[in-house]
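Read through the structure below, which is laid out as structure tokens, and then see the notes.
If you're wondering where the values come from, they're calculated on a predicted model, not measured in any experiment. Below, read A as the first sequence line, B as the second, and so on, with proteins coming before strands; counting in each chain starts at 1.
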2 protein chains.
Amino acid sequence: MTAALTEMTPFNRDVQYAAKKQAVILSAAGAFRRRGYHNTSMVDIAKSLGLTKAALYYYVSSKEEILHQSHLATYAQMDEILKTRIDAPAALDKLEALYHRFVIMLTRSGASLLTDVNSLSAEPKAEVLARRTTIERKIIALVKAGQKDGSIRTGDARLLVFFFMGALNWLSAWYDDAGPMGADDIADHFAAQMRAGLTA
Amino acid sequence: MTAALTEMTPFNRDVQYAAKKQAVILSAAGAFRRRGYHNTSMVDIAKSLGLTKAALYYYVSSKEEILHQSHLATYAQMDEILKTRIDAPAALDKLEALYHRFVIMLTRSGASLLTDVNSLSAEPKAEVLARRTTIERKIIALVKAGQKDGSIRTGDARLLVFFFMGALNWLSAWYDDAGPMGADDIADHFAAQMRAGLTA
DNA sequence: CATAAATTTGAACCTTGAGTCAAATTTATA
DNA sequence: TATAAATTTGACTCAAGGTTCAAATTTATG
């Protein structure tokens, strides 16, 4: 029964292919975050995977696709976090829990939210920005809920959100795996500071 | 007396030259912030000034110099702000006033703190980062002072600073001159949120 | 007006790096 | 082992964009 065999992950060609493609994207995403999209060549990406530039094109159609996919991967993770059911009394508590996860996700994955969206051509760029907007909207809605239930103080919800989301983005710029601070420490700190800034 | 004449700004060649050079740098800095360093060509920069690519090289030795100088220009402004004497009782009050000015400066000037430092070669990059570090240190020191005088709550001062400085950087990414929000509105909002996040 | 200095330009040059492709190599299957 | 499919490679093409430079143009000065 070859059918049974092909279903076993390590022997399934499609699965292997997809896994390698992901490896390409994630490895590149890390490099993009550290050095920047344009300061990372296809040769760089290939070398860090023990491959040749040409081999990358077996998994990917262009450098732009890598950038595109790396953004989508990050947003997929954020969507995932946003989906997690958190039963907390006030909206502020939910928001704090979400934010905590965001910080950990970003430090762990090494992803960034702002790496060169402008280097994408019109269509993928629009998609990525739409994705970002959707997420922002959800967070803004949560803040508004908090303002209604009295846990979050008044003010332009959009601005309140942009403030602490900025901290998240800047994080990718300075965070260093090898540094002294663990992801959890930072997450605790940031979540606390975020909460304090919003508390009614 | 040509001496007197040459001192008159509009007729002084050196002054004119310096002014035009600044125009090149500031115009480019704005484009870098909006589109990114690598998505802005020398032709783009020249066109937006009504010049030709080649003419730029009369004022500047390389594209890299433009990036370098645009960073230095921003940090010079921040240094200026940091120098302003602010007599407030607690360190937290001083910090809030400073932060308010930072926000206004960044929205007005259209400068950014994070545009492609990595695209600079070793020496200028080191200089820019050193400059940034110096500024960060001063702010961290102020936070520590606030923790001592009891106005700012405890916690890793470095992290506290990175949090609200992130909001500042992210600002450059989304702020739009043409948008509905005035610089002052944003500054008020951000300063308040910053303060709330730090208050003991 | 004539001359020199300052400023700008068009037309090249040159390097970098993305993308292509036919051939080589590795891996799976019978 | 022989064959086919999957994977990888070396060598090449090609375009984009930064940089140079001698000549043209503009501006200031005597």
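Grouping the Ile, Leu, Val, Met, Phe, Trp and Tyr side chains by contacts below 4.5 angstrom, directly or via other members, places A:Ile104 apart from A:Leu26.
Under the side chain to side chain contact (heavy atoms under 4.5 Å, CB included) criterion, A:Lys138 pairs with A:Leu82, A:Thr134, not counting sequence neighbours. For A:Glu80, the salt bridge (Lys or Arg N to Asp or Glu O under 4.0 Å) test picks out A:Lys83, with sequence neighbours left out. Scanning for side chain to side chain contact (heavy atoms under 4.5 Å, CB included) contacts around B:Ser61 gives B:Glu65, with sequence neighbours left out. With sequence neighbours left out, A:Tyr58 forms a ring-ring contact (aromatic ring centres under 6.0 Å, His included) with A:Tyr17. Looking at residues two or more places apart in sequence or on another chain, you find a side chain to side chain contact (heavy atoms under 4.5 Å, CB included) between B:Lys144 and B:Ile140, B:Gln147, B:Ala157. Residues that satisfy the side chain to side chain contact (heavy atoms under 4.5 Å, CB included) test with A:Asp149, not counting sequence neighbours, are A:Ala90, A:Ala91, A:Ser151.
Computed from coordinates, the B:Arg35 CZ to D:dG17 C1' distance equals 15 Å when rounded to whole Å. Counting to the nearest Å, the P atom of D:dG17 and the CG atom of A:Asn39 are 15 Å from each other. Put simply, NZ on A:Lys20 is 7 Å from C1' on D:dT7, counting in whole angstrom units. Protein atom OH of A:Tyr17 is 10 Å distant from nucleotide atom P of D:dT8, rounded to whole Å.
Consecutive Watson-Crick or G-U pairing (both distances under 3.5 Å) extending over three or more pairs maps onto DNA chain C as C:1-30 with D:1-30.
In terms of heavy-atom proximity, A:Ala167 sits nearest to B:Phe163 at CB-O, 3.3 Å.
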Review item, side-chain donor-acceptor pairs of residues 42-49 of chain A, under 3.5 Å, at least two apart:
residue : atom : partner : partner atom : Å
A:Asp44 : OD2  : A:Ser41 : N            : 3.0
A:Asp44 : OD2  : A:Ser41 : OG           : 3.2
A:Ser48 : OG   : A:Ser27 : OG           : 3.3
A:Ser48 : OG   : A:Ile45 : O            : 2.9

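Residues from residues 40-59 of chain A that place a heavy atom under 4.0 Å from any atom of DNA chain C, listed by number: A:Thr40, A:Ser41, A:Met42, A:Lys53, A:Ala54, A:Tyr57. Contacts between residues 117-127 of chain A and DNA chain C, defined by a heavy-atom separation under 4.0 Å, are absent. Of the residues in residues 60-73 of chain A, A:Ser62, A:Lys63 come within less than 4.0 Å of DNA chain C through at least one heavy atom, sorted by number.
In this model, no donor atom of one side chain and acceptor atom of the other lie less than 3.5 Å apart for A:Glu64 and A:Ser119.
Classification of A:Lys94 and A:Asp87 as a salt-bridged pair fails, no side-chain N sitting under 4.0 Å from a carboxylate O.
Residue pairs satisfying the ring-ring contact (aromatic ring centres under 6.0 Å, His included) criterion with at least one member in residues 60-82 of chain A, sequence neighbours excluded, are absent.
Within the model, atoms CD of A:Gln193 and CG of B:Asp156 stand 10.5 Å from one another, a figure rounded to the nearest 0.5 Å.
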